[in-house]
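If you read the sequence from its start, that first residue is 1, and numbering goes on from there. Ligands are counted one by one from 1 in listed order, and the atoms in each one are counted from 1 as well. Values in this document were obtained by computation on a predicted structure and should not be read as measured data. Because only heavy atoms are used, hydrogens play no part in the values below, and waters and symmetry mates are left out as well, while side chains stay in.
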Amino acid sequence: MKQLCFILIFSFILQQTRSQNLEPKIIAYNTLVGGVTAGIGAIINKKKDQKWHKAFAKGFVVGLGGGAIVYSGKKLNYLIAERQNLSYAWVSRAVFSAGNSIVENAAANRDFWSQWHYDVGFIRLEFKTGPFTLTPRFMPSTFGGLLFMTLNSTSFDYKTSLRSGTFTFYTDKIRYEPRLVGSTASNGFLFTDTLHSGKIFYDVYAHEMIHAFQFQEFSGINHFFDPLSNKLQEKYPFYKKLNKWIYIDASYEAMLVNYFIINQGPKGKLYCRNYLENEAEFLSVRRCACIP
Ligand SMILES: [Zn+2]
């Protein structure tokens with residue numbers, strides 16, 4: 001709990017710093033989210049003979065590197081907007097997931113290359129090196145977010161979903177936030193029927209892709225619970241079996257806390273000051289969330 005408070009306070013301070021050019025702030029945010037979550041995770045998962053400050057330093061440095069790749073992956077979404085082509089979403093996700101995997105490995109205090117993941121909808125495809133295994137794991141919180149969008153939609157656009165590798169739903173009006181034309185409530189999007197093509201469609205799609213990544217960027221936190229999970233696995237064979245196929249994605253809840261509490265929700269003028277909105281808009285189309 002203390003660690004979570006520390007991350008949220010740190011995130012709040014970083015998000016309050018004002019800058020006309022958002023790029024340095026965005027780079028600092030992404031590298032530090034990687035470094036701090038990985039550093040704290042590495043202390044929690046430190047080996048018995050390891051000193052805590054050495055575990056933190058190793059996790060922090062590797063996490064910074066992972067965070068820099070996370071930033072690059074987010075930024076690659078500008079290609080969707082610039083070239084008006086959704087297939088770049090597969091590329092940006094691959095780069096983002098590589099960085100995100102490095103942060104997770106550092107937080108779990110294991111070799112940074114030992115495990116990789118790529119998410120498709122609510123399924124996390126997990127690759128382990130040495131020996132090589134591929135395991136699909138179900139993400140309950142991400143599934144909940146997708147279910148929420150399914151219930152608010154009138155159709156599922158499988159063609160767009162395949163082109164971008166990200167679930168895309170449509171509706172006549174986004175009932176929970178009618179002023180929006182696109183919304184991300186998980187690893188997928190809900191668009192209004194008026195938005196199918198043209199420059200605005202690709203601009204909004206690139207912006208929403210960055211929100212989908214924001215839902216994963218705190219996944220180092222998921223490894224804060226490794227000692228608890230290991231204990232439960234030793235005690236309950238049933239939980240051990242279940243754990244192989246289910247991945248507890250607490251990073252989803254961390255994003256909700258970050259967006260709705262620290263960033264003070266999505267409404268009115270607060271939207272313009274919301275770091276996560278500014279990051280999504282700046283990296284995709286080089287604009288701030290609101291024109292001054
Ligand atoms: Zn947005």
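Judged by distance alone, with hydrogens and angles left aside, the side-chain atoms of Thr31 form no donor-acceptor pair with the main-chain N or O of Ala68 at under 3.5 Å. Side chain of Ser92 to backbone of Leu76: no donor-acceptor contact under 3.5 angstrom is found.
Of all N, O or S atoms in Glu277, the one lying closest to the Zn ion (ligand 1) is OE1. Among the heteroatoms counted here (N, O or S) of His207, NE2 is the one nearest to the Zn ion (ligand 1).
Distance check for Glu281 against the Zn ion (ligand 1): none of its N/O/S atoms falls below 2.8 Å.
In summary, the side chains of Gln50 and Asn109 do present a donor paired with an acceptor at a separation below 3.5 Å, with no hydrogens or angles considered.
Considering all non-hydrogen atoms of both residues, Ile26 and Glu279 come closest at CG2-OE2, 3.7 Å.
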